[in-house]
Amino acid sequence: MLNTKHDRIRAVVWTERGVRLLDQRRLPQEETYWTATCAFEVAEAITKMVVRGAPAIGIAAAYGVVLAARARFAEANSNWKALIKTDLQDLEAARPTAVNLAWALKRMAALINGLPSDVDPENALLAEAQRIHEEDIAANRRMGELGAALIEGPAKVLTHCNTGSLATGGFGTALGVIRYAYSEGQINEVFADETRPWLQGARLTAWELLQDGIPVVLIADSVAPYLLGQGQIQWVIIGADRIAANGDIANKIGSYGLAVAARHHRVRFMVVAPTSTIDWNLPDGMGIPIEQRPPEEVLTLAGKEIAISGTKAYNPAFDVTPAHLIDVIVTEKGVVHQPSSERMKTLQV
Ligand SMILES: CSC[C@H]1O[C@H](OP(=O)(O)O)[C@H](O)[C@@H]1O
């Protein structure tokens, strides 16, 4: 039975002093926390990937809005609404690809618009941010059930990047399905690829699964196509940072290659994401903004240069997987097999 260490892991925690963030740059060697005491520090923590993962950055940003409201109301009293707009813009600009960030900020902005200008907004905004956080955890548990129901055990699965408690409000998306399916005996082994260059798989997913007592085998990214060709893996299960209206997804760089290899070797491909990840304004994946991150993340490893000085590097943080390579998208509102524009509409009820 799954031990519940994952309940201990919280990437984002609200405290009276500010947003307490588990510094994911230092895991797994160090469990250190970074408390952001203003919206600017929350935005900085998102950009620097102190906190990362589509739902987690949306939750962190929602708490950042609470800190912004506290400061702006103290600064300008009944004029706080005019001033807080800059803070929401700064938070949204922190990272471009995960739509959960913009989704959370849009939800907080809608509440702001309805609040009276002459009343301290902190409590109302904190309650909404906490609802966003709790709804995410509930969505993850629901997706865990729905996704696990598709897996005929005992299965071996491959996952990419980190989609666990560290990337969400708790429990995880793809890792939530894996956790649930393991606890039900449908999964007996998890292969996690290291996910260069930031190593979310090696540093974060292995750390989360080992704490849950779930058997995890770490592989170099380049091993994945070879592993899929050996016929031992029944599912590739990943998360998403933005899903277009036709089911195309943006996810951590390397996801597209996994999807191509999985389809070539007839391994089923599951994407797990809450509906807050769906961008209904985008007809397909062509328009998804792809974050370009600093070359240093490719040119160094654990702070040490691995390429000779002067080497250039190309470091897109995400890629786009077309819907036709995806067997199923699991959300908290339902499951979409062979996603298409038409079939995705079932999630809009
Ligand atoms: C549960 S969404 C996690 C999602 O976010 C990751 O990106 P990053 O680590 O850069 O924030 C990756 O795409 C995961 O699938």
Side-chain angles (χ1 to χ4, degrees), residues 6 9 11-12 21-25 27 45-61 94-104 133 136-137 139-144 147 158-179 192-205 207-208 221 236-243 248-259 269-279 285 288-294 297-298 315-321 326 329-332:
H6 64 80
I9 302 170
V12 184
L21 303 168
L22 179 53
D23 190 340
Q24 300 189 36
R25 300 171 301 180
L27 289 173
I46 292 170
T47 300
K48 291 184 172 180
M49 295 176 70
V50 171
V51 57
R52 35 67 48 199
I57 64 178
I59 293 163
R95 290 186 79 188
T97 303
V99 75
N100 312 63
L101 178 56
W103 170 86
H133 195 161
D136 184 67
I137 297 172
N140 293 336
R141 292 192 179 280
R142 178 67 180 139
M143 293 189 290
L158 169 64
T159 194
H160 185 59
C161 198
N162 172 259
T163 58
S165 297
L166 290 170
T168 64
F171 195 68
T173 56
L175 224 49
V177 169
I178 288 169
R179 283 184 161 118
D193 60 24
E194 60 187 352
T195 317
R196 282 268 307 151
W198 219 77
L199 301 179
Q200 289 93 331
R203 297 190 302 108
L204 307 180
T205 294
W207 183 75
E208 284 205 44
D221 295 311
V236 175
I237 307 177
I238 69 169
D241 290 77
R242 194 181 296 228
I243 302 175
D248 292 349
I249 70 140
N251 196 57
K252 183 51 50 192
I253 190 75
S255 301
Y256 172 53
L258 278 180
F269 198 84
M270 180 190 296
V271 173
V272 186
T275 50
S276 56
T277 311
I278 302 174
D279 184 348
I288 299 177
I290 299 299
E291 178 185 13
Q292 303 298 320
R293 289 195 63 87
E297 293 179 354
V298 178
N315 187 18
F318 300 96
D319 56 26
V320 176
T321 298
I326 299 168
I329 294 178
V330 176
T331 79
E332 79 285 8

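Atoms considered below: every heavy atom in the structure, side chains included; atoms not considered: hydrogens, waters and symmetry mates. Atoms within a ligand are numbered from 1 in the order they appear, just like the ligands themselves. These numbers were taken from a predicted model, which means no experiment stands behind them.
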Under the side-chain contact (heavy atoms from CB on, under 4.5 Å) test, residues paired with W198 that sit two or more places apart: Q24, R25, M49, R52, Q200, R203, L204, E297
Heavy atoms only, cut-off 4.0 Å: how does [X] contact ligand 1, side chain, backbone, both, or neither?
X	answer
I238	neither
A56	neither
H160	neither
F318	side chain

Option whose closest heavy atom lies nearest to atom 8 (P) of ligand 1, chosen from R242, R293, K252: K252
Per atom 3 (C) of ligand 1, closest listed option by heavy atom (L204, N140, N162): N162
Sequence-distant partners of D221, salt bridge (Lys or Arg N to Asp or Glu O under 4.0 Å), two or more places apart: none
May I ask whether [X] has any heavy atom positioned less than 4.0 angstrom from an atom of ligand 1?
X	value
T277	no
R95	yes
A174	no
T173	yes
A317	no

Side-chain (N251) to main-chain (A240) donor-acceptor, under 3.5 angstrom: yes
Point-to-point distance, once rounded to the nearest 0.5 Å, from OG1 of T195 to CG of N162: 8.5 Å
Rounded distance [0.5 Å steps], CD in E291 versus OG1 in T97: 5.5 Å
For the student: nearest non-hydrogen atoms of G239 and I249, plus distance: O-CD1, 4.0 Å
Residue pair L166 / A56: nearest heavy atoms and the distance that separates them: O-CB, 3.9 Å
